[in-house]
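Before any comments, here is the structure.
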Amino acid sequence: MSDVANRRTAHVVDCAGVSRTYQEDAVPVQALRDVDFQFSRGEFASLSGPSGSGKSTLLNLIGGLDRADEGAIAVDGVALNRLSESELSDLRLRRIGFVFQSYNLIPVLSAQENVEFIMQLQGVARGERAEQAVECLASLGIAELARRRPGELSGGQQQRVAIARAIVTDPVLLLADEPSANLDSGTTEELLKLLRRLNHERGISILTATHDPMVMSYAKRRVVLRDGAIVEDSAH
(Lines give C-alpha, C1' and ligand atoms only; values in the text may rest on other atoms or scores of the structure.)
Protein backbone atom coordinates (compact mmCIF):
# COMPACT_ATOMS: atom_id res chain seq x y z
CA MET A 1 0.00 0.00 0.00
CA SER A 2 2.91 2.33 0.61
CA ASP A 3 3.72 2.43 -3.13
CA VAL A 4 0.31 3.93 -3.90
CA ALA A 5 0.52 6.28 -0.93
CA ASN A 6 3.89 7.74 -1.78
CA ARG A 7 4.04 8.15 -5.55
CA ARG A 8 2.64 11.23 -7.27
CA THR A 9 1.86 10.62 -10.92
CA ALA A 10 -0.48 11.91 -13.60
CA HIS A 11 -3.16 9.70 -12.03
CA VAL A 12 -5.89 11.54 -10.16
CA VAL A 13 -7.08 8.13 -8.91
CA ASP A 14 -4.90 5.10 -8.16
CA CYS A 15 -6.44 1.90 -6.78
CA ALA A 16 -4.30 -1.13 -5.93
CA GLY A 17 -5.72 -4.49 -4.80
CA VAL A 18 -9.00 -2.98 -3.61
CA SER A 19 -11.58 -5.34 -2.09
CA ARG A 20 -14.83 -4.67 -0.25
CA THR A 21 -17.22 -7.13 1.40
CA TYR A 22 -20.65 -6.30 2.81
CA GLN A 23 -22.95 -8.22 5.11
CA GLU A 24 -26.37 -8.86 3.58
CA ASP A 25 -28.80 -10.69 5.87
CA ALA A 26 -25.79 -11.96 7.82
CA VAL A 27 -24.30 -13.35 4.59
CA PRO A 28 -21.00 -11.87 3.33
CA VAL A 29 -21.20 -10.46 -0.20
CA GLN A 30 -17.95 -9.51 -1.91
CA ALA A 31 -18.69 -6.33 -3.87
CA LEU A 32 -15.14 -5.81 -5.13
CA ARG A 33 -12.33 -8.33 -5.61
CA ASP A 34 -8.70 -7.21 -5.75
CA VAL A 35 -9.36 -4.30 -8.15
CA ASP A 36 -6.49 -2.39 -9.73
CA PHE A 37 -7.57 0.84 -11.43
CA GLN A 38 -5.84 4.06 -12.47
CA PHE A 39 -7.60 7.17 -13.73
CA SER A 40 -5.58 9.94 -15.35
CA ARG A 41 -6.09 13.67 -15.06
CA GLY A 42 -8.41 15.00 -17.72
CA GLU A 43 -10.05 11.67 -18.49
CA PHE A 44 -13.78 11.09 -18.98
CA ALA A 45 -14.59 7.47 -18.17
CA SER A 46 -17.64 5.35 -17.41
CA LEU A 47 -17.95 2.47 -14.96
CA SER A 48 -20.60 0.07 -16.22
CA GLY A 49 -21.87 -3.43 -15.58
CA PRO A 50 -24.98 -5.23 -14.33
CA SER A 51 -26.59 -4.43 -10.99
CA GLY A 52 -24.37 -5.76 -8.21
CA SER A 53 -21.25 -5.66 -10.36
CA GLY A 54 -19.47 -3.27 -7.98
CA LYS A 55 -19.43 -0.05 -10.01
CA SER A 56 -21.21 2.12 -7.40
CA THR A 57 -19.14 0.53 -4.63
CA LEU A 58 -15.94 1.46 -6.46
CA LEU A 59 -17.20 5.00 -7.04
CA ASN A 60 -18.08 5.37 -3.34
CA LEU A 61 -14.66 4.10 -2.26
CA ILE A 62 -12.87 6.50 -4.60
CA GLY A 63 -15.03 9.34 -3.28
CA GLY A 64 -14.19 8.49 0.32
CA LEU A 65 -17.84 7.76 1.13
CA ASP A 66 -16.85 4.24 2.19
CA ARG A 67 -13.61 2.48 3.08
CA ALA A 68 -11.99 -0.53 1.43
CA ASP A 69 -11.41 -3.72 3.45
CA GLU A 70 -8.17 -4.40 1.61
CA GLY A 71 -5.91 -2.54 -0.78
CA ALA A 72 -5.19 1.16 -1.17
CA ILE A 73 -6.77 4.11 -2.93
CA ALA A 74 -5.06 7.45 -3.60
CA VAL A 75 -6.87 10.54 -4.87
CA ASP A 76 -4.72 13.39 -6.14
CA GLY A 77 -1.73 11.67 -4.53
CA VAL A 78 -3.39 11.40 -1.10
CA ALA A 79 -3.78 7.89 0.37
CA LEU A 80 -7.35 7.64 1.65
CA ASN A 81 -6.60 4.80 4.06
CA ARG A 82 -4.24 7.08 5.99
CA LEU A 83 -6.84 9.78 6.61
CA SER A 84 -8.99 10.23 9.70
CA GLU A 85 -12.72 10.71 9.21
CA SER A 86 -12.36 14.48 9.52
CA GLU A 87 -9.45 14.55 7.06
CA LEU A 88 -11.44 12.39 4.65
CA SER A 89 -14.38 14.79 4.93
CA ASP A 90 -12.08 17.72 4.19
CA LEU A 91 -10.66 15.98 1.12
CA ARG A 92 -14.18 15.35 -0.20
CA LEU A 93 -15.07 18.98 0.43
CA ARG A 94 -12.05 20.47 -1.31
CA ARG A 95 -10.96 18.03 -4.02
CA ILE A 96 -13.95 15.97 -5.15
CA GLY A 97 -17.23 17.01 -6.73
CA PHE A 98 -20.26 14.70 -6.51
CA VAL A 99 -23.30 14.41 -8.78
CA PHE A 100 -26.03 11.96 -7.76
CA GLN A 101 -29.05 10.59 -9.62
CA SER A 102 -31.37 12.10 -6.98
CA TYR A 103 -29.63 15.52 -7.32
CA ASN A 104 -29.36 15.91 -3.50
CA LEU A 105 -30.20 19.62 -3.61
CA ILE A 106 -31.37 21.30 -0.40
CA PRO A 107 -35.09 21.98 -1.05
CA VAL A 108 -35.38 25.15 1.07
CA LEU A 109 -32.45 26.86 -0.68
CA SER A 110 -32.47 28.56 -4.07
CA ALA A 111 -30.32 27.29 -6.93
CA GLN A 112 -27.70 29.93 -6.17
CA GLU A 113 -27.74 29.14 -2.45
CA ASN A 114 -27.30 25.44 -3.20
CA VAL A 115 -24.23 26.23 -5.28
CA GLU A 116 -22.91 28.56 -2.58
CA PHE A 117 -23.37 25.96 0.15
CA ILE A 118 -20.12 24.07 -0.55
CA MET A 119 -18.15 27.33 -0.56
CA GLN A 120 -19.80 28.32 2.69
CA LEU A 121 -18.52 25.07 4.24
CA GLN A 122 -15.07 25.97 2.92
CA GLY A 123 -15.21 29.36 4.64
CA VAL A 124 -15.37 31.47 1.48
CA ALA A 125 -16.58 35.04 2.15
CA ARG A 126 -20.24 35.70 1.38
CA GLY A 127 -19.68 38.19 -1.43
CA GLU A 128 -17.07 36.06 -3.14
CA ARG A 129 -19.13 32.87 -3.03
CA ALA A 130 -22.20 34.69 -4.39
CA GLU A 131 -20.16 36.02 -7.31
CA GLN A 132 -18.66 32.61 -8.07
CA ALA A 133 -22.04 30.87 -7.84
CA VAL A 134 -23.64 33.30 -10.29
CA GLU A 135 -20.73 32.94 -12.72
CA CYS A 136 -20.89 29.15 -12.50
CA LEU A 137 -24.65 29.03 -13.10
CA ALA A 138 -24.20 31.37 -16.07
CA SER A 139 -21.47 29.16 -17.54
CA LEU A 140 -23.95 26.25 -17.48
CA GLY A 141 -26.68 28.32 -19.12
CA ILE A 142 -29.01 28.60 -16.12
CA ALA A 143 -28.27 32.03 -14.67
CA GLU A 144 -31.96 32.93 -14.91
CA LEU A 145 -32.80 30.10 -12.49
CA ALA A 146 -30.60 31.39 -9.67
CA ARG A 147 -33.49 32.41 -7.39
CA ARG A 148 -35.66 29.33 -7.95
CA ARG A 149 -35.84 26.50 -5.45
CA PRO A 150 -35.38 22.86 -6.54
CA GLY A 151 -39.14 22.20 -6.50
CA GLU A 152 -39.56 24.87 -9.17
CA LEU A 153 -37.02 23.26 -11.52
CA SER A 154 -37.23 20.40 -14.01
CA GLY A 155 -35.08 17.31 -13.53
CA GLY A 156 -32.57 18.51 -16.11
CA GLN A 157 -32.38 21.94 -14.50
CA GLN A 158 -31.85 20.40 -11.07
CA GLN A 159 -29.04 18.24 -12.44
CA ARG A 160 -27.36 21.32 -13.92
CA VAL A 161 -27.56 23.04 -10.54
CA ALA A 162 -26.06 19.92 -8.96
CA ILE A 163 -23.22 20.03 -11.48
CA ALA A 164 -22.67 23.73 -10.78
CA ARG A 165 -22.44 22.95 -7.07
CA ALA A 166 -19.98 20.12 -7.80
CA ILE A 167 -17.59 22.15 -9.98
CA VAL A 168 -17.78 25.66 -8.51
CA THR A 169 -14.76 25.03 -6.28
CA ASP A 170 -12.66 23.52 -9.12
CA PRO A 171 -12.31 19.98 -7.74
CA VAL A 172 -9.65 17.68 -9.20
CA LEU A 173 -12.27 14.97 -9.74
CA LEU A 174 -15.99 14.86 -10.57
CA LEU A 175 -17.81 11.65 -9.60
CA ALA A 176 -21.27 11.06 -11.07
CA ASP A 177 -23.45 8.13 -9.94
CA GLU A 178 -26.16 7.33 -12.52
CA PRO A 179 -26.47 11.03 -13.50
CA SER A 180 -29.04 10.31 -16.24
CA ALA A 181 -31.27 7.92 -14.27
CA ASN A 182 -34.15 10.38 -13.81
CA LEU A 183 -33.84 12.19 -17.15
CA ASP A 184 -35.41 11.64 -20.56
CA SER A 185 -33.17 10.96 -23.56
CA GLY A 186 -33.19 14.55 -24.83
CA THR A 187 -32.26 15.99 -21.45
CA THR A 188 -29.64 13.26 -20.99
CA GLU A 189 -27.96 14.26 -24.25
CA GLU A 190 -27.91 17.91 -23.17
CA LEU A 191 -26.36 16.88 -19.85
CA LEU A 192 -23.70 14.76 -21.57
CA LYS A 193 -22.78 17.54 -23.97
CA LEU A 194 -22.34 19.77 -20.93
CA LEU A 195 -20.12 17.23 -19.17
CA ARG A 196 -18.05 16.76 -22.33
CA ARG A 197 -17.61 20.53 -22.63
CA LEU A 198 -16.48 20.76 -19.00
CA ASN A 199 -14.06 17.92 -19.61
CA HIS A 200 -12.63 19.51 -22.78
CA GLU A 201 -12.59 23.17 -21.78
CA ARG A 202 -11.83 22.97 -18.06
CA GLY A 203 -9.93 19.69 -17.99
CA ILE A 204 -12.17 18.29 -15.25
CA SER A 205 -11.58 14.57 -14.66
CA ILE A 206 -14.99 12.86 -14.83
CA LEU A 207 -15.77 9.33 -13.67
CA THR A 208 -19.37 8.13 -13.86
CA ALA A 209 -21.11 4.92 -12.83
CA THR A 210 -23.93 4.16 -15.25
CA HIS A 211 -26.25 1.66 -16.92
CA ASP A 212 -27.00 4.13 -19.73
CA PRO A 213 -25.48 3.32 -23.16
CA MET A 214 -25.69 7.02 -24.09
CA VAL A 215 -23.51 7.98 -21.12
CA MET A 216 -21.02 5.26 -22.06
CA SER A 217 -20.90 6.55 -25.64
CA TYR A 218 -19.88 10.05 -24.49
CA ALA A 219 -17.12 8.81 -22.20
CA LYS A 220 -13.67 8.43 -23.75
CA ARG A 221 -12.98 5.27 -21.77
CA ARG A 222 -15.27 2.43 -20.75
CA VAL A 223 -14.53 0.25 -17.73
CA VAL A 224 -16.82 -2.76 -17.29
CA LEU A 225 -17.20 -4.63 -14.00
CA ARG A 226 -18.76 -8.00 -13.34
CA ASP A 227 -18.95 -9.83 -10.01
CA GLY A 228 -16.70 -7.25 -8.37
CA ALA A 229 -13.88 -7.42 -10.93
CA ILE A 230 -12.90 -5.35 -13.94
CA VAL A 231 -13.50 -7.47 -17.06
CA GLU A 232 -13.01 -4.80 -19.73
CA ASP A 233 -11.12 -1.52 -19.93
CA SER A 234 -11.10 0.16 -23.31
CA ALA A 235 -10.75 3.61 -24.87
CA HIS A 236 -13.04 4.73 -27.67
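A salt bridge does not link Arg196 to Glu201: none of the charged side-chain nitrogens sits closer than 4.0 Å to a carboxylate oxygen. Salt bridge status for Arg202 with Asp170: present, with a side-chain N to carboxylate O gap under 4.0 Å. Looking at Arg222 and Asp233, no side-chain N of the basic residue comes within less than 4.0 Å of a carboxylate O on the acidic one, giving no salt bridge.
Inspection of the Asn104 and Ser102 side chains reveals an N or O donor paired with an N or O acceptor under 3.5 Å. Residues Asn182 and Gln101 bring no donor and acceptor atom of their side chains to less than 3.5 Å of each other. Between the side chains of Ser86 and Ser84, at least one donor N or O sits under 3.5 Å from an acceptor N or O. Remark: the Gln30 side chain and the Arg33 side chain contain an N/O donor-acceptor pair separated by less than 3.5 Å.
Residues Arg95 and Leu173 are not in side-chain contact: their nearest non-hydrogen atoms beyond the backbone lie 4.5 Å or more apart. By the 4.5 Å heavy-atom criterion applied to side chains, Arg94 and Gln122 are counted as neighbours. At least one side-chain heavy atom of Leu145 sits under 4.5 Å from a side-chain heavy atom of Leu153. Side-chain atoms of Arg148 and Ser110, non-hydrogen and from C-beta on, never get closer than 4.5 Å to each other. Within the 4.5 Å cutoff, side-chain heavy atoms of Val115 are placed close to those of Leu137. When side chains are defined from C-beta on, Val35 counts as touching Ile230, because their heavy atoms get closer than 4.5 Å. Looking at Pro179 and Gln159, their side chains come closer than 4.5 Å, going by heavy atoms from C-beta outward. Using a 4.5 Å heavy-atom cutoff, the side chains of Leu109 and Arg149 are not in contact.
The side-chain hydrogen bond (donor to acceptor under 3.5 Å, both in side chains) test with Arg20 singles out one residue from Thr57, Asn60, Asp66, and that residue is Asp66. Each of Leu32, Thr21, Leu61 was checked for a side-chain contact (heavy atoms from CB on, under 4.5 Å) with Asp69, and the lone residue meeting it is Thr21.
Annotation: Arg226, atom CZ; neighbour count of heavy atoms from other residues, nucleotides and ligands within 6.0 Å does not exceed 12. Phe100 CZ: more than 12 foreign heavy atoms inside a 6.0 Å radius. Shown here is Glu24, whose CD atom has no more than 12 heavy atoms of other residues, nucleotides or ligands within 6.0 Å.
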>> Show, in sequence, the C-alpha distance, side-chain angles and deciding distance for Leu207 and Glu43, and conclude whether the side-chain contact (heavy atoms from CB on, under 4.5 Å) test is met.
In response: CA-CA 8 Å; Leu207 182 61; Glu43 275 197 282; over 6 Å; no
>> One pair to check against side-chain contact (heavy atoms from CB on, under 4.5 Å): Ser53 and Asp227. What are the steps and the verdict?
In response: CA-CA 5 Å; Ser53 61; Asp227 297 327; over 6 Å; no
>> For a side-chain contact (heavy atoms from CB on, under 4.5 Å) check, start with the C-alpha distance between Ile167 and Cys136, then their side-chain angles and the critical distance, and finish with the verdict.
In response: CA-CA 8 Å; Ile167 67 170; Cys136 192; 3.8 Å; yes
>> salt bridge (charged side-chain N to carboxylate O under 4.0 Å, His left out) for Arg126 and Glu131? Distances and angles first, verdict last.
In response: CA-CA 9 Å; Arg126 184 173 183 176; Glu131 180 180 351; over 6 Å; no
>> Please determine whether side-chain contact (heavy atoms from CB on, under 4.5 Å) holds for the pair Asp14 and Ile73, giving the CA-CA distance in whole Å, both sets of side-chain angles, and the decisive distance to 0.1 Å.
In response: CA-CA 6 Å; Asp14 199 340; Ile73 300 173; over 6 Å; no
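Hydrophobic clustering keeps Phe117 apart from Tyr103 (ILVMFWY residues linked when any side-chain heavy atoms are closer than 4.5 Å, directly or through intermediates). In the hydrophobic clustering of this structure, Tyr22 does not group with Leu58; members are Ile, Leu, Val, Met, Phe, Trp, Tyr whose side-chain heavy atoms approach within less than 4.5 Å, directly or through other members. Tracing side-chain contacts under 4.5 Å through hydrophobic residues (I, L, V, M, F, W, Y), one never reaches Leu80 starting from Leu93; they form parts of separate clusters. The hydrophobic cluster containing Val161 also contains Leu194, counting ILVMFWY residues as joined when their side-chain heavy atoms lie under 4.5 angstrom apart, directly or transitively. In the hydrophobic clustering of this structure, Leu88 groups with Val78; members are Ile, Leu, Val, Met, Phe, Trp, Tyr whose side-chain heavy atoms approach within less than 4.5 Å, directly or through other members.
With hydrogens and angles disregarded, a donor-acceptor distance shorter than 3.5 Å links the side chain of Asp184 to the backbone of Gly186. Remark: side-chain polar atoms of Asp76 are not paired, donor with acceptor, to backbone N or O of Val13 under 3.5 angstrom. Side chain of Arg160 to main chain of Leu140: a donor-acceptor pair is present (N/O by atom type, distance under 3.5 Å, no hydrogens or angles). Without hydrogens or angle criteria, Thr187 side chain to Leu183 main chain gives no donor-acceptor distance under 3.5 Å.
Asn81 approaches Ala72 most closely through the heavy-atom pair OD1-CB, 4.2 Å. Heavy-atom minimum distance, Gly49 versus Val224: CA-CG1, 4.5 Å. Closest non-hydrogen pair, Ile62 versus Val75, comes out as O-CG2, 3.4 Å. Nearest heavy-atom pair across Lys55 and Thr210 is CE-O, 3.8 Å. Minimum heavy-atom separation, Val99 to Ala166: CG2-CB, 3.9 Å. What you find for Leu105 and Pro150 is that their closest heavy atoms are CB-CG, 3.8 Å.
Remark: Glu190 CD to Ser185 OG distance equals 10.0 Å, nearest 0.5 Å. The CG atom of Leu47 lies 8.5 Å from the OG atom of Ser56; values are rounded to the nearest 0.5 Å. The OG atom of Ser48 lies 9.0 Å from the NE2 atom of His211; values are rounded to the nearest 0.5 Å. Atom CG of Leu198 sits about 8.0 Å away from atom CG of Leu174, to the nearest 0.5 Å. We find the OG-CG distance between Ser180 and Leu191 to be 7.5 Å, quoted to the nearest 0.5 Å. To the nearest 0.5 Å, atom OG of residue Ser19 and atom CG of residue Asp34 are 5.0 Å apart.
Applying the ring-ring contact (aromatic ring centres under 6.0 Å, His included) definition to pairs two or more places apart or across chains, none involves residues 32-57.
Residues meeting the salt bridge (charged side-chain N to carboxylate O under 4.0 Å, His left out) test with Arg129, sequence neighbours left out: Glu116.
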